[in-house]
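Beneath this line is the structure, given in structure tokens, with notes to follow.
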There are 2 protein chains.
Amino acid sequence: MTDTKTEIIRVATGLILEKGYNAFSYADIAKVLHIRNAAIHYHFPTKTSLVVAIMKNQQEGLKNLIKELKSKNKSEIEQIQALFDLYIGLLAQKQICALGSLGSDIQTLAPEAQIEVKNDYELVRNWLMEILEMGKITGVFKFQCDATIQASVIINNLIAGIIVARFNGFDKETFKHTMNLLLTEIT
Amino acid sequence: MTDTKTEIIRVATGLILEKGYNAFSYADIAKVLHIRNAAIHYHFPTKTSLVVAIMKNQQEGLKNLIKELKSKNKSEIEQIQALFDLYIGLLAQKQICALGSLGSDIQTLAPEAQIEVKNDYELVRNWLMEILEMGKITGVFKFQCDATIQASVIINNLIAGIIVARFNGFDKETFKHTMNLLLTEIT
DNA sequence: TTTCAAACTTATTTACTAGTAAGTACGTTA
DNA sequence: TAACGTACTTACTAGTAAATAAGTTTGAAA
């Protein structure tokens, strides 16, 4: 039997990435899972507690991906490509990323939820910085600026690239070309 | 006397850029302008008609800026800097741009509103492409890739850069550094 | 076999949402 | 001065939001 709490997080995450935090309701989740509205409140008393759980789950998922890639001794390029593939997968589901979706709604979130959005961002950025700095040492990458800024450019293109691609008819091609340009510019 | 219709657009635009499309109501506008809810419905029968008017207003504002910059014979660098300054101004008001805000809510907008978001994007991108191509001819810019992709990279960094800056304590510095990197990379 | 807690459901509350119907004040025009 | 349109207001509707209280089922432990 699938865990209801896990299922709620799964469905709610999809709704946030598709419609945004302020456009989905407990009723939307209840309808999909064939449970009552109050059942969701049993697991997540408030919408804030739900979005906090969702963001912690996102962070956990990312940490697991990083761990897996490292255990498989994936190269710097392969690790960045894995991040790109994550976004390509989202776009195929007509979704944007959590950072873009909750980032644009940040002013309507409770402080404890805002912190988790920021934590998720830090996680991605630190991972990317590590990859970039390691790649610079091994000679795979060459760039003269700070790795922080270089990482920012890549993340910015992921976050906004998927938003733009979605309102341009889910255009994967421009998104891919843009990300490839960024990658070739530093190799 | 200030025109109520114009004031509604002004206040509603601010609310969208600060909180997002699904987080503001006619009541919020009414409260600011000290008018009744129904007065807004008189000028804008539906929320869709309001957001369409807002986006057309954004497009008009941008067209006027472009016209002004060209009439003053501003250089390619100065024109791009004017676009950057627009974003710096938004960030100072704790706001993100219309493309980021409405782009992440696109799936919850009526088709006629979605089209206007896309139109606004096209306007910015075409302007940037023109600047980049002109700059390449005059020798101010040097880049080997397609101007379309180069323009995409700049826009993506504006859209996402301001979103990220806002949830990172309205950090102007990283945003400025990132945009400066992009500019120096092609000059 | 009783007890109890986990995981729900039913039913309800309070507050807010977009939208509408009907009436009014007011300046302009015929 | 009568008529009319613009720009509102008051009052309301139907629907939805998050959240809660109270009751029910169920399986496992004492």
Side-chain angles (χ1 to χ4, degrees), chain A residues 1-55 57 101-102 104-114 116, chain B residues 1-16 18-55 57 101-102 104-114 116-117:
Chain A
M1 183 211 173
T2 48
D3 183 27
T4 303
K5 198 168 184 175
T6 309
E7 284 291 283
I8 292 168
I9 290 178
R10 205 199 85 237
V11 172
T13 302
L15 287 166
I16 287 179
L17 304 192
E18 198 201 325
K19 302 170 64 180
Y21 178 73
N22 294 299
F24 90 96
S25 70
Y26 275 35
D28 294 329
I29 305 167
K31 199 180 272 181
V32 174
L33 295 178
H34 303 105
I35 53 173
R36 304 294 121 191
N37 206 308
I40 305 165
H41 279 283
Y42 171 75
H43 293 287
F44 303 100
T46 63
K47 210 179 175 184
T48 292
S49 71
L50 175 56
V51 76
V52 165
I54 286 170
M55 288 314 289
N57 181 253
S101 179
L102 293 174
S104 63
D105 289 338
I106 203 89
Q107 304 280 61
T108 68
L109 299 181
E112 59 262 49
Q114 294 180 351
E116 294 309 323
Chain B
M1 182 214 173
T2 47
D3 183 26
T4 304
K5 197 167 184 175
T6 309
E7 283 292 281
I8 292 168
I9 289 177
R10 205 199 85 237
V11 172
T13 302
L15 288 167
I16 286 180
E18 199 201 326
K19 303 168 64 181
Y21 178 74
N22 294 298
F24 90 97
S25 70
Y26 275 34
D28 294 330
I29 305 168
K31 199 180 271 180
V32 175
L33 295 178
H34 303 106
I35 54 174
R36 302 296 121 190
N37 206 307
I40 306 165
H41 278 284
Y42 171 75
H43 293 288
F44 303 101
T46 63
K47 209 179 175 185
T48 292
S49 71
L50 175 57
V51 76
V52 165
I54 288 171
M55 288 314 290
N57 181 253
S101 180
L102 293 174
S104 64
D105 289 338
I106 203 87
Q107 304 280 59
T108 68
L109 300 182
E112 58 261 51
Q114 294 180 351
E116 294 307 324
V117 177

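First the proteins, then the strands, lettered A, B, ... as listed; each starts at 1. Source: prediction; values computed, not measured.
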Separation of D/dC8 C1' from B/L33 CG (nearest whole Å):
13 Å
Options D/dC8, C/dT9, D/dA19, nucleotide nearest the side-chain atoms of A/N37:
D/dA19
Per nearest nucleotide of DNA chain D, the residue lying toward the 5' end, A/A27 or A/A38, is A/A27
At under 4.0 Å, does any side-chain N or O of B/H41 touch on OP1 or OP2 of D/dC8?
no
B/D28 has an atom CG; how far is it from atom P of C/dG19, in whole Å?
14 Å
Starting from P on C/dT17, measure out to CG on B/L15 and report it in whole angstrom.
11 Å
May I ask you to evaluate whether B/R36 reaches the phosphate of D/dT10, defined as a side-chain N or O under 4.0 Å from OP1 or OP2?
yes
Check the pair B/L15, B/V11 against side chain to side chain contact (heavy atoms under 4.5 Å, CB included), reporting the backbone distance first and the verdict last.
CA-CA 6 Å; B/L15 288 167; B/V11 172; 4.0 Å; yes
Look at the side chain of B/A39 and decide which nucleotide, out of D/dC8, D/dA21, C/dC8, has an atom nearest to it.
D/dC8
Is the backbone N or O of B/I16 less than 3.5 Å from a side-chain atom of B/S101, with the two atoms forming a donor-acceptor pair by type?
yes
Heavy atoms under 4.0 Å, any strand shown: does B/Y26 hit a base, just sugar-phosphate, or nothing?
sugar-phosphate
Are A/Y42 and C/dA7 close enough that a side-chain N or O sits under 4.0 Å from OP1 or OP2?
yes
Of the candidate nucleotides C/dA18, D/dT9, D/dA19, which contains the atom at the shortest distance from the side chain of B/K47?
C/dA18
Are the side chain of B/Y26 and the backbone N or O of B/T46 linked by a donor-acceptor pair below 3.5 Å?
yes
A/E7 CD to C/dA7 C1': how many Å, rounded?
15 Å
Would you call B/D105 and A/K19 a salt bridge, using N to O less than 4.0 angstrom?
no
How long is the line joining CZ of A/F44 and P of D/dA18, in whole Å?
15 Å
Is A/T46 close enough to D/dA18 that one of its side-chain N or O atoms is under 4.0 Å from OP1 or OP2 there?
no
Counting only side-chain N and O atoms of A/S25, is one of them less than 4.0 Å from OP1 or OP2 of D/dA17?
yes
Donor-acceptor contact present, side-chain A/Q114 to main-chain A/L109, <3.5 Å:
yes
Starting at CG of A/N22 and ending at C1' of C/dC16, how long is that distance when rounded to a whole Å?
13 Å
Distance check needed: C/dG19 P versus B/I29 CD1, whole Å only.
11 Å
Can you tell me if A/H43 touches the phosphate of C/dA6, counting only side-chain N or O atoms and a distance under 4.0 Å to OP1 or OP2?
no
Would you kindly give the CD1-to-C1' distance between B/I40 and D/dT9, to the nearest whole Å?
13 Å
